[in-house]
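Heads up, the thing below is written out as structure tokens.
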Amino acid sequence: MVECLDKEINRVHVNGTSHQTPTPKTVDAEVEPRKRCLWFEEELEEDLRWVFGVSKILHTGVSEFQNIELVESGPFGKVLILDGKLQSAEADEFVYHESIVHPALLYHSNPKSVFIMGGGEGSTAREALRHRSVERVIMCDIDEAIVEFCRKHLTVNGEAFRSDRLELIINCARAELVKTTEKFDILIGDLADPVEGGPCYKLYTKSFYERVLKPRLKDGGILVTQGGPAGILSHTEVYSSIYNTLRKTFKYVIPYAAHVPSYADTWGWIMASDQPFPKISAEETDSRIKHRIDGELKFLDGEALFASIALNKHVRKSLAAERHVYTEESARFIHGHGTALKN
């Protein structure tokens, strides 16, 4: 939500209800009054909220599936917000999108075909298209309004949307993958977080991985999915369960994570394959980046990739001990509620 805050009244939201609490008044007449501004507030947990300043609301919209807002933020530049949850920020989106795309494509010997589940913003497709070997990228997103909104307002992805190597499909990714017989080198799950009432939690289940995704991978193919918050305190919400579910489905699984400032947490991704991942050094990774990828990466290099894979001791032990398998009946959710299933 975007909340107005003035120097007289501080509006806060408690359990969805707006309340007014008096702002402490200064006793120093020389102190300059607080400026009027807007604040974005996201409830991460019932008793934990993430707030940052917004200088301008750029665009708003509503799709069949979700509310859409694009705002200008002092700390993070343009920020895309869906259903009141921050999705992507101009200042640091490269951390998320380089991380979800490049490790899998660099581990693969010669990636030519990529299927993106979700990714309507266009940034994941943008990063995949930087690989010179890639001949075809399919981006399948259920929400046409989001795709058109981002195509219009996120100009940084304009070239990707215009690429003749990109095929855009508006459909449920599950339905599209079920009906196709094509196989891919790389499958990317750039999906919304699994939230109660949201449309995406079924795409994190063991049955989906086993029955739908594995048959759509070529020999040596790699699946990579975003796995939600992966911090010391947050990784057991859904990340550890998604990791364990993939571990029960594929022979080789690599969890990795990086701090994303606009998410106010460490974020996690997971790669999975039935073929072993090659052991490549940081130097070899840098060489692959140089020879395979157009332009310079902002976040990822050999050392950064090794650091992302080297999870801290607490999280490593927790992942190793996780026994929960993600199913439709036993789904775990992060805090929040989707609107896709509203009547």
Side-chain angles (χ1 to χ4, degrees), residues 63-66 68 82-83 85 87 100-101 104 113-125 128 136-148 150 166-218 221-228 238-239 241-250 253 268-274 324-334 336-343:
S63 77
E64 178 184 354
F65 301 96
Q66 51 208 333
I68 312 165
L82 301 180
D83 279 345
K85 299 189 76 66
Q87 299 298 308
I100 197 173
V101 172
S113 57
V114 178
F115 188 100
I116 301 169
M117 299 177 281
E121 174 186 341
S123 298
T124 297
R136 184 166 179 242
V137 174
I138 296 177
M139 184 177 85
C140 183
D141 197 288
I142 197 172
D143 197 335
E144 185 173 15
I146 283 289
V147 174
E148 291 307 314
C150 293
L166 177 67
E167 180 181 343
L168 175 61
I169 297 175
I170 302 300
N171 196 7
C172 167
R174 182 189 188 113
E176 191 65 28
L177 287 167
V178 165
K179 75 178 184 180
T180 188
T181 59
E182 186 175 356
K183 294 188 176 185
F184 303 91
D185 294 313
I186 305 290
L187 290 173
I188 300 177
D190 185 15
L191 302 162
D193 298 322
V195 295
E196 199 167 4
C200 288
Y201 76 94
K202 296 179 182 180
L203 305 189
Y204 294 95
T205 60
K206 188 173 187 290
S207 62
F208 178 65
Y209 293 146
E210 254 178 0
R211 301 173 189 174
V212 180
L213 291 189
K214 284 189 72 169
R216 300 277 65 81
L217 280 173
K218 293 181 180 179
I222 298 173
L223 164 69
V224 58
T225 184
Q226 79 93 11
V238 295
Y239 185 63
S241 176
I242 295 169
Y243 164 75
N244 187 55
T245 304
L246 286 167
R247 188 171 56 173
K248 298 294 184 183
T249 310
F250 290 87
V253 180
W269 304 268
I270 306 161
M271 290 184 287
S273 179
D274 277 340
H324 181 267
V325 174
Y326 207 102
T327 68
E328 291 187 25
E329 295 74 29
S330 65
R332 288 181 180 176
F333 304 103
I334 68 167
H337 296 277
T339 60
L341 302 183
K342 279 185 175 181
N343 292 326

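Scope of the values below: all heavy atoms of this structure, side chains included, with no hydrogens, waters or symmetry mates.
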Give me the one residue out of Gln226, Arg332, Glu328 that meets side-chain hydrogen bond (donor to acceptor under 3.5 Å, both in side chains) with Tyr204. Gln226
Take Thr225 and Leu246, measure what side-chain contact (heavy atoms from CB on, under 4.5 Å) needs, and give me the verdict at the end. CA-CA 10 Å; Thr225 184; Leu246 286 167; 4.0 Å; yes
To the closest 0.5 Å, what do you measure between CD1 (Ile334) and CD (Glu196)? 12.0 Å
Kindly give the heavy-atom pair with the smallest separation between Leu213 and Leu187, and that separation in Å. O-CD1, 3.6 Å
Side chains of Val147 and Leu168 in contact at under 4.5 Å (non-hydrogen atoms): yes
Report yes or no: is the cationic atom of Lys202 (NZ for Lys, CZ for Arg) under 6.0 Å from the centre of the six-membered ring of Phe208, at an angle within 45° of the ring normal? no
Nearest heavy-atom pair of Glu182 and Thr180: which atoms, and what distance? N-OG1, 3.1 Å
Heavy-atom donor-acceptor pair, Ser113 side chain to Asp185 backbone, under 3.5 Å: yes
Do Phe65 and Asp83 have side chains that get closer than 4.5 Å, going by heavy atoms? no
Donor-acceptor pair, Arg216 side chain versus Thr181 backbone, under 3.5 Å? yes
If you take all heavy atoms of Thr327 and Thr205, which pair is closest and at what distance? C-CG2, 3.7 Å
Which distance, rounded to the nearest 0.5 Å, do you find between the OG of Ser63 and the CD1 of Ile146? 5.5 Å
Check: Asn244 side chain, His324 main-chain N or O, donor-acceptor pair, under 3.5 Å: yes
Kindly give the heavy-atom pair with the smallest separation between Leu223 and Phe250, and that separation in Å. CD2-CE1, 3.9 Å
Note: Gln87 and Leu82 closest approach over all heavy atoms is CG-CG, 3.4 Å
How about Glu176: does its CD atom have over 12 heavy atoms from other parts shown lying under 6.0 Å from it? yes
Would you call the rings of Tyr201 and Phe333 parallel, tilted or perpendicular, where under 30° means parallel and over 60° means perpendicular? perpendicular
Is a donor from one side chain sitting under 3.5 angstrom from an acceptor on the other, for Glu121 and Ser123? yes
Distance-minimising heavy-atom pair for Ile186 and Ala104: CD1-O, 3.9 Å
Nearest-0.5 Å distance that lies between atom CG in Leu203 and atom CG in Leu191: 5.5 Å
Taking Lys214 for its side chain and Thr249 for its backbone only, find out whether a donor-acceptor pair lies under 3.5 Å. yes
Point-to-point distance, once rounded to the nearest 0.5 Å, from CE of Met139 to CD1 of Ile116: 7.0 Å
Got a second to check how far Ile170's CD1 is from Cys140's SG, nearest 0.5 Å? 7.5 Å
Between CE of Met117 and CG of Asp141, what distance do you get to the nearest 0.5 Å? 12.0 Å
